[in-house]
Undergrad: 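Sending over a structure as structure tokens; questions will come in a sec.
In each ligand, atom 1 is the first atom listed, and ligand 1 is the first ligand listed.
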Amino acid sequence: MAAAASLPSPFRNMPSCAAECRVRGEATVRRRAKTHANKRCVVKLLGELVASYELGKPGSKASGSIRQEAPQGIYEVFPIRDPKATFRSRRACSDAVHRMLRETPVLEGFDLNRANWDEFLPDHVAGVVFRSLGDQAGRYDIDISLNIWVTVVEDMAECCICLSYLVEDQDAVRLPGCSHAFHRSCLTPWLQRAKTCPMCRAVMPSHVLYSLMHPPKRQ
Ligand SMILES: [Zn+2]
Ligand SMILES: [Zn+2]
């Protein structure tokens with residue numbers, strides 16, 4: 001649950017414009033009496049991953065969100081063949097949680113080595129799984145509700161159109177894919193004429209164009 005500032009980046013490929021990456025995770029574990037009397041148990045991993053991009057300075061509280069990706073749902077079901085062995089110790093629970101995270105497609109862009117993840121999630125989850133099962137691992141199915149928030153803080157950048165700095169209180173926007181950044185007021189007239197990034201000419205898919213031209217209302 002700690003801030004990830006001193007940890008290695010959790011991304012396999014950290015975006016080049018990123019100055020800092022913070023990860024926050026929350027998990028609750030619920031056990032349920034098994035529906036089937038056989039030996040296997042089932043672990044369900046459910047939840048959401050939300051990634052957002054903010055403009056700010058490393059270490060300071062970032063303001064001005066410049067892009068928030070649509071939440072990605074997590075729903076994976078893991079049959080556990082030998083629950084007593086799999087959950088025999090806290091360490092074994094931790095290994096099992098790590099394995100499940102590695103097999104979760106939504107998380108494939110992340111480097112799931114222990115240094116990146118134990119601090120805020122798997123070890124904590126493993127502890128709760130271990131405590132809630134005791135030596136009765138064979139009797140329960142387990143639901144793990146997982147919410148993960150990833151915030152990429154990007155360095156102040158220049159708008160590639162007007163060449164003045166993008167500052168926190170201005171309406172800045174970063175294009176998905178190429179990551180070039182602009183003032184919205186500079187970018188919109190361009191996009192009305194061309195369907196490309198003004199900087200690198202990457203072609204913007206129509207759904208991206210639509211969301212750029214119709215930004216959500218600020219609260
Ligand atoms: Zn500009
Ligand atoms: Zn570009």
Side-chain angles (χ1 to χ4, degrees), residues 3-25 47-74 101-102 104-113 115-117 120 147-219:
S6 60
L7 297 171
S9 159
F11 281 119
R12 283 189 209 281
N13 298 303
M14 186 79 159
S16 59
C17 47
E20 187 184 358
C21 184
R22 301 183 195 135
V23 184
R24 194 159 63 83
E48 241 176 37
L49 172 83
V50 180
S52 63
Y53 294 78
E54 299 184 348
L55 213 53
K57 295 186 185 72
S60 69
K61 195 174 177 302
S63 52
S65 171
I66 53 175
R67 182 154 64 87
Q68 172 146 345
E69 291 183 354
Q72 292 178 275
I74 298 170
L101 293 181
R102 278 198 302 274
T104 299
V106 170
L107 300 177
E108 78 190 355
F110 292 91
D111 176 359
L112 294 173
N113 75 57
N116 284 341
W117 287 77
F120 73 95
N147 288 301
I148 301 171
W149 294 271
V150 179
T151 306
V152 177
V153 181
E154 298 179 358
D155 249 334
M156 305 288 198
E158 279 178 358
C159 169
C160 305
I161 295 177
C162 70
L163 300 183
S164 61
Y165 278 106
L166 296 161
V167 292
E168 292 170 27
D169 56 355
Q170 282 176 333
D171 202 2
V173 58
R174 190 177 290 283
L175 297 179
C178 68
S179 288
H180 286 121
F182 311 91
H183 298 114
R184 194 178 291 280
S185 56
C186 296
L187 183 64
T188 303
W190 172 278
L191 291 179
Q192 282 162 349
R193 300 193 310 268
K195 294 175 169 49
T196 56
C197 167
M199 191 68 187
C200 68
R201 309 292 159 126
V203 176
M204 295 294 126
S206 51
H207 70 276
V208 170
L209 280 173
Y210 183 87
S211 66
L212 291 170
M213 307 286 276
H214 302 85
K217 294 260 182 299
R218 297 214 152 188
Q219 279 141 18

Undergrad: Would you mind naming the N, O or S atom of His180 nearest to the Zn ion (ligand 2)?
TA: ND1
Undergrad: Is the distance between the Zn ion (ligand 1) and the nearest N/O/S atom of His183 smaller than 2.8 Å?
TA: yes
Undergrad: Return yes when atom CD of Glu108 has more than 12 non-hydrogen atoms of other residues, nucleotides or ligands closer than 6.0 Å, and no otherwise.
TA: no
Undergrad: If you have a sec, read the angle at the Zn ion (ligand 2) from Cys200 atom SG over to Cys178 atom SG, to 10 degrees.
TA: 110°
Undergrad: Between the main-chain N or O of Cys197 and the side-chain N or O of Trp190, is there a donor-acceptor pair closer than 3.5 Å?
TA: no
Undergrad: Checking the side chain of Arg24 only, and the main-chain atoms of Asn147 only, is there a donor and an acceptor separated by less than 3.5 Å?
TA: no
Undergrad: About how many Å separate CG of Leu187 and CZ of Arg174, when rounded to the nearest 0.5 Å?
TA: 12.0 Å
